[in-house]
Q: 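For reference, the structure I am asking about is given below.
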Number of protein chains: 2
Amino acid sequence: MNSTDPHAALPLSRKVQAGNLLAADCPSREVLRHVTSRWGVLALIVLETRTHRFSELRRAIGGVSERMLAQTLQWLEGDGLVLRTALEVVPPHVEYSLTPLGREAAEKVRVLADWIEINLPRIRQAQSS
Amino acid sequence: MNSTDPHAALPLSRKVQAGNLLAADCPSREVLRHVTSRWGVLALIVLETRTHRFSELRRAIGGVSERMLAQTLQWLEGDGLVLRTALEVVPPHVEYSLTPLGREAAEKVRVLADWIEINLPRIRQAQSS
DNA sequence: CGGCATCCACAACGATACTG
DNA sequence: CAGTATCGTTGTGGATGCCG
């Protein structure tokens, strides 16, 4: 959409520390929203374990609606993180897996999610104190 | 190990690997949503650098409204990740900083955000191919 | 200055029905 | 099976005004 490309003039050196993500028009924000979306996080975590079919994925992620899962997977596919493989058979058979890029992202997401699960007791204690 | 149904009797005690986060009623999900929320991610990243005042934080995060920033900070404060320190003076002076818990979370979040920023070129290339 | 209360627009979401 | 279409509901988010 908005392609004011700030990367064109970016020096080769790593200039990312607290990068332009803080700018409202930073294009990374869109990807970030997909990855950290309610179902995006969980889809990445599940797909990191192995390839899943659509309904398999849906069963694995408690509470997700068919509609939202489809939309989320389309976002992640559009970002090149998820690979959709449709077998032209009857009945349809579609498999979702992570791309190499997706595996890297999923790992970071899982680390965060694991941290929360592990530290939930500490969080709860902090809440009550 | 059949992973199609995470609700069916977890044999292992509190194994976090792909833990019960996949269950719709997992309490970790709420914290996860706060941390990965649109402004939560950015607030944590900014606060990781140093303590900020409210309006300072607002200026640092491009595009956030007063209302949403306040709400986000309340969520994170409620989760014990953010410390709110109000000085009873006129005009009011409120500082936001990370708790030790918050610093751990912020680090994981930043790693993810940095990865996205660094790899945005690869993501864009994946999109067009 | 740092909120909170209210209102309102719209996007996200879930349930259901339907299609290839 | 794997979606899309549609609908009604809930939630998110911005704008404004008020108050300590």
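Letters go in sequence order (proteins before strands), and every chain restarts at 1. All values reported here derive from a predicted model rather than from experimental measurement.
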Q: Mind checking side-chain hydrogen bond (donor to acceptor under 3.5 Å, both in side chains) for B:E48 and listing every partner two or more places apart, or none if nothing turns up?
A: B:R110

Q: Heavy atoms under 4.0 Å, any strand shown: does A:Q74 hit a base, just sugar-phosphate, or nothing?
A: sugar-phosphate

Q: Applying side-chain contact (heavy atoms from CB on, under 4.5 Å), name anything that partners A:P92, two or more places apart in sequence or on another chain.
A: none

Q: Sequence neighbours left out, what pairs pass side chain to side chain donor-acceptor pair (under 3.5 Å) with at least one residue falling in residues 90-103 of chain B?
A: B:R53-B:H93, B:R84-B:Y96, B:H93-B:E95

Q: Please state whether the phosphate of D:dG3, meaning OP1 or OP2, lies under 4.0 angstrom from any side-chain nitrogen or oxygen of A:R84.
A: yes

Q: If you look at every heavy atom in A:A60 and B:L22, which pair is closest and at what distance?
A: O-CB, 3.4 Å

Q: Between OG of A:S28 and CG of B:L120, what distance do you get to the nearest 0.5 Å?
A: 4.0 Å

Q: Taking the hydrophobic residues Ile, Leu, Val, Met, Phe, Trp and Tyr, and joining any pair whose side-chain heavy atoms are under 4.5 Å apart, which ones share a cluster with A:V89?
A: A:L87

Q: Can you pull every protein N or O that's under 3.5 Å from an N or O on nucleotides 18-20 of chain D?
A:
none

Q: Taking all atoms of both residues into account, what is the closest heavy-atom pair of A:T49 and A:V46, and its distance?
A: OG1-O, 2.6 Å

Q: Taking atom C1' of D:dC1 as reference, at what distance in whole Å does atom CZ of A:R58 sit?
A: 12 Å

Q: Please name all residues satisfying salt bridge (Lys or Arg N to Asp or Glu O under 4.0 Å) with B:E30, sequence neighbours left out, ordered by chain then number.
A: none

Q: Taking all non-hydrogen atoms of both residues, which atom of B:V31 and which atom of A:I123 are closest, and how far apart?
A: CG1-CD1, 3.8 Å

Q: Identify the heavy atoms of A:R124 and B:P27 that sit nearest to each other, and give their distance.
A: NH2-CB, 3.3 Å

Q: In degrees, rounded to 10°, what is the bend between the two ends of the helix from C:dC1-D:dG20 to C:dG20-D:dC1, using five pairs at each?
A: 50°

Q: Considering non-hydrogen atoms only, spot the tightest contact between A:C26 and B:E117 and give its length.
A: SG-OE2, 4.0 Å

Q: Any side-chain N or O of A:Y96 less than 4.0 Å from the OP1 or OP2 oxygen of D:dG3?
A: yes

Q: Considering only heavy atoms of chain A and a distance under 4.0 Å, specify the first and last nucleotide of DNA chain C in 5' to 3' order that meet this criterion.
A: C:dC13 to C:dG20

Q: Under 3.5 Å, side-chain donor or acceptor atoms of residues 63-75 of chain A against the rest of the protein: list the pairs with distances, not counting sequence neighbours.
A:
{"from": "A:S65", "atom 1": "OG", "to": "A:M68", "atom 2": "N", "distance (Å)": "3.2"}
{"from": "A:T72", "atom 1": "OG1", "to": "A:M68", "atom 2": "O", "distance (Å)": "2.7"}

Q: Just distance, no hydrogens or angles: give the donor-acceptor pairs under 3.5 Å from side chains in residues 37-44 of chain B, sequence neighbours left out.
A:
{"from": "B:S37", "atom 1": "OG", "to": "B:H34", "atom 2": "O", "distance (Å)": "2.8"}
{"from": "B:S37", "atom 1": "OG", "to": "B:G40", "atom 2": "N", "distance (Å)": "3.1"}

Q: What pairs of nitrogen or oxygen atoms, one from the protein and one from nucleotides 12-16 of chain D, lie under 3.5 Å apart?
A:
{"from": "D:dG13", "atom 1": "N7", "to": "B:R67", "atom 2": "NH2", "distance (Å)": "2.4"}
{"from": "D:dG13", "atom 1": "O6", "to": "B:R67", "atom 2": "NH2", "distance (Å)": "3.4"}
{"from": "D:dG14", "atom 1": "OP1", "to": "B:G63", "atom 2": "O", "distance (Å)": "3.4"}
{"from": "D:dG14", "atom 1": "OP2", "to": "B:S65", "atom 2": "OG", "distance (Å)": "2.8"}
{"from": "D:dG14", "atom 1": "N7", "to": "B:R67", "atom 2": "NE", "distance (Å)": "3.3"}
{"from": "D:dG14", "atom 1": "O6", "to": "B:R67", "atom 2": "NE", "distance (Å)": "2.7"}
{"from": "D:dG14", "atom 1": "O6", "to": "B:R67", "atom 2": "NH2", "distance (Å)": "3.4"}

Q: Rounded to the Å, how far apart are A:H93 NE2 and D:dG3 C1'?
A: 15 Å

